[in-house]
Amino acid sequence: MLDIKLLREKPDFVRERLATRNAGDESRVSEVLALDEQRRVALAEVEQLKAKRNAVSKEIGALMGQKKIAEADAKKAETRAIGDRITELDKIVAEAESARDTLLARIPNLPHGSVALGKDAADNPEIRVHGSRPDYAFKPLTHIELAEKLKLIDFARGAKLSGSGFLLYTGWGARLERALINFLLDLHTAEHGYREVAPPYIIGEHCMFGVGQFPKFKDQAYAVQEGLDGSTLGKLYLLPTAEAPVANIHREEILPGAQLPVRYVAYSPCFRAEAGAAGLGTRGMIRVHQFDKVELIKIVTPETGYDELEQLVTNAETVLKRLGLHYRVINLCTGDMGFSSSKTYDIEVWAPGQGSYLEVSSCSNCEDYQARRMNLRYKTEAGENRFPHILNGSGTALARLFVALVETHQQADGSVLIPEALRPYIGTDRISA
RNA sequence: GGAGGGGUGGCAGAGUGGUCUAAUGCGGCGGUCUUGAAAACCGCUGUGGGUGAAAGCCCACCGGGGGUUCGAAUCCCUCCCCCUCCGCCA
């Protein structure tokens, strides 16, 4: 949520920044300000009336105490009209405020000044590249072929259980998935200073609102209800990312400034309806309804927000380096950025069998946009309450990491060599048929 | 699923229609005293909003929302959450 005060004070700046997203949201600024003005006009009047009513009520109390009933009754009659007007104005204020906030909740965050201007993914600048595309003396297989030959994933039976877009990991495949999760959690807790948390996988609507998933992307979530009781529908959702519960851990709190920075790492499965998404229904692991992810979340002071973002990306990159994978880091341009983000780096890992890069991590600084939505603040040394910056990043997403790993480390004989760092976790140096 | 109890400031805890401007205690901050500290004493100590250059003034908030009333922490309705016991259950 943007700061209403920023809209009042610098509407042109807000319009200019929103316009860089190419989504047309800048036209909403005037609507929001009109409602805000309506609210304040009515509020000024109603508060004045309330002050008067409070004074008169106190007088009535005093008169009652002195048994001057007739005088008290006269005052009561006089005040009744004020009460009616207050009821009216209260309603106007509440409606204007609700309309204003509904609009405001649908306006995305402002891109940071350092973000490249651009229209879509084609305009995303490449920041750096690690390694290079490996050469193979043979034609590299796709992860689908490898997964079937090595019996890592049973695509047909996964679909039999839950439909297209759901995976059944089997044997070494299941073991590899579990090894990756443990490797990532250990890496980020032991070497990068994150605190491990394990959140609920079913979360309240307010968590989804807090991180900016709702109201705009409601159609992308799986809603759950209790049994067949439709009245419970709309309260709880399957998490689309651990960001949703973990970023909300401290919602509606005022953290002592000394407690920052807070750094959390969490493993969770992620559930996405992917309604209308390209690539859905394509065989394989690239786009599925359920995948595992290890997520990194930071709550930090605004002064350190962007340094922390750089560190966060580095932390995610370490995963790929340790696994011997070639990747590149790109910076999402203004037109390609997510709703809540001010600045986002994506990490794309090379998948030889696909012959393309796969997005395995998205690291964002949402500045105070989410903190404001969830009313999370921290107290400065001066005793002032401020909204912290909230950052999130995948560290990393698994199904695609799995793809890159098996495709990259496949051997001429059809086996997959396990990178050194992962061997203690999986308990083998090679997966063969 | 059934029965019962509860939700008040950082914490504990009073308050059941009118100086509640929420008692009191603890904790915290500042001060007096002291060589220093403790004790004692004094003062301050929540959140958001409106207005204003500022100081200030005003409004709202006792789990959320709504209602009754001139006036609600207090009465009524409704929802949420927590606790205890019973049943079922990994």
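In what follows, chains carry the letters A, B, and so on, assigned in the order in which the sequence lines appear, proteins first and then strands, with residues in each chain numbered from 1. These numbers come from a predicted model, not from an experiment.
Between B:rC62 and B:rG43, the two P atoms lie 28 Å apart (nearest whole Å). With C1' as the reference atom, B:rU32 and B:rA38 are 15 Å apart, rounded to whole Å. B:rU68 and B:rU78 have their C1' atoms separated by 15 Å, given to the nearest Å.
Rounded to whole Å, atom P of B:rG65 lies 13 Å from atom CG of A:Asp90. Distance A:Met64 CE to B:rU19 P: 13 Å, rounded to the nearest Å. Rounded to whole Å, the distance from NZ on A:Lys58 to P on B:rU19 is 8 Å. Distance, A:Glu205 CD to B:rC79 C1': 14 Å, rounded to whole Å. Distance A:Lys76 NZ to B:rG18 P: 13 Å, rounded to the nearest Å.
Remark: the A:Asn109 side chain and the A:Ser342 side chain contain an N/O donor-acceptor pair separated by less than 3.5 Å. With 3.5 Å as the limit, one finds no donor-acceptor pair spanning the side chains of A:Glu317 and A:Thr314.
In a base pair of the Watson-Crick type (N1 to N3 plus N6-O4 or O6-N4) or a G-U wobble (N1-O2 and O6-N3), with each distance short of 3.5 Å, B:rU84 is matched with B:rA3. As the counterpart of B:rG30, B:rC42 is assigned, both hydrogen-bonding distances of the Watson-Crick or G-U wobble pattern falling under 3.5 Å. A 3.5 Å limit on both hydrogen-bonding distances identifies no Watson-Crick or G-U partner for B:rU19. Of the nucleotides present, none pairs with B:rA37 by Watson-Crick or G-U wobble criteria with both distances under 3.5 Å. With a cut-off of 3.5 Å on both pairing distances, the Watson-Crick or G-U wobble partner of B:rC11 is B:rG25. Remark: B:rC89 base-pairs with no nucleotide in the shown strands. Criterion, Watson-Crick or G-U wobble with two distances under 3.5 Å. In this structure, B:rU47 forms a base pair with B:rA60, meeting either the Watson-Crick or the G-U wobble geometry with both donor-acceptor distances under 3.5 Å.
Residue A:Thr79 is classed as a sugar-phosphate contact, given heavy-atom separations below 4.0 Å to backbone atoms only.
Applying the side-chain hydrogen bond (donor to acceptor under 3.5 Å, both in side chains) rule to pairs touching residues 198-210 of chain A yields A:Glu205-A:Lys218, sequence neighbours excluded.
If A:Gly61 and A:Glu226 are placed on RNA chain B by their nearest nucleotide, the residue sitting closer to the 5' end is A:Glu226.
With ring centers used as reference points, A:Tyr169 lies under 6.0 Å from A:Phe402.
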- Query: Reading nucleotides 47-62 of chain B from the 5' end, what letters show protein touch, with B for base, S for backbone sugar-phosphate only, - for no heavy atom under 4.0 Å?
  - Reply: SSBSS------BBS--
- Message: Checking A:Tyr264 against A:His188 for the side-chain hydrogen bond (donor to acceptor under 3.5 Å, both in side chains) test, could you report, in this order, the C-alpha distance in whole Å, the side-chain angles of both residues, the deciding distance, and whether it holds?
- Response: CA-CA 9 Å; A:Tyr264 288 128; A:His188 295 308; over 6 Å; no
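A cation-pi arrangement, defined by a distance under 6.0 Å to the six-membered ring centre and an angle within 45 degrees of its axis, is present between A:Arg373 and A:Phe209.
Using bins of under 30°, 30° to 60° and over 60° for the plane-to-plane angle, the ring pair A:Phe271/A:Tyr222 lands in the perpendicular bin.
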